[in-house]
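Residue numbers start at 1 and run along the sequence shown.
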Amino acid sequence: MTQTVPLSQLKKGARAHIERIAPNPVFGELDHLVGRRLADLGFSDGVPLMVIATGLLGNGPFAVRLGNQSQFSLRKDEAQKVMCHVVQAA
């Protein structure tokens, strides 16, 4: 059984599949809008991703490549919303 971890805990080179977009209280009442924006960008259940770069000390930003080859950079608070199943650890 694989563990679900937020994207913000993955290292450069890690491969994973998105399980869900989780709430993050940091965004307050705008949390649902941030989640919708991530979904609109392609961060959806089952989508594979690879971490292609992380900021200093793993604090963000997190550059990721989605299965459709789109690349995005997420701030740490956004990356904490993206819950993943790790396929291949870095």
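Minimum heavy-atom separation, Leu49 to Ile18: CD2-CG1, 3.6 Å. Looking at every heavy atom in both residues, Lys12 comes nearest to Thr54 through N-CG2, 4.2 Å. When all heavy atoms are compared, the tightest approach of Lys11 to Val51 is O-CB, 3.5 Å. Closest approach of Val47 to Gly67, counting heavy atoms only: CG1-N, 4.0 Å. The two residues Phe62 and Leu10 make their nearest non-hydrogen contact at CE2-O, 4.3 Å.
Rounded to the nearest 0.5 Å, atoms CD (Gln80) and OG (Ser8) are 4.0 Å apart. Remark: Ile52 CD1 to Arg65 CZ distance equals 4.5 Å, nearest 0.5 Å. Between the CG atom of Asp31 and the CD1 atom of Ile21 there is a distance of 10.0 Å, given to the nearest 0.5 Å. Taken to the nearest 0.5 Å, the NE2 atom of His85 stands 10.0 Å off from the NE2 atom of His17. The structure places CG of Leu30 at 14.0 Å from CZ of Arg37, a figure rounded to the nearest 0.5 Å. Taking OG of Ser44 as the start and CZ of Arg20 as the end, the distance is 14.5 Å to the nearest 0.5 Å.
The backbone N or O of Asp77 lies less than 3.5 Å from a partner atom in the side chain of Asn24, making a donor-acceptor pair.
Under a hydrophobic-cluster definition in which Ile, Leu, Val, Met, Phe, Trp and Tyr are linked whenever side-chain heavy atoms come within less than 4.5 Å, directly or via other members, Leu7 and Leu41 are assigned to the same cluster. Under a hydrophobic-cluster definition in which Ile, Leu, Val, Met, Phe, Trp and Tyr are linked whenever side-chain heavy atoms come within less than 4.5 Å, directly or via other members, Leu66 and Val82 are assigned to the same cluster.
Residues Phe43 and Phe72 place their aromatic rings such that the two centres sit under 6.0 Å apart.
Ionic pairing of Lys81 and Glu78 is not present here: no N-O contact between side-chain nitrogen and carboxylate oxygen is shorter than 4.0 angstrom.
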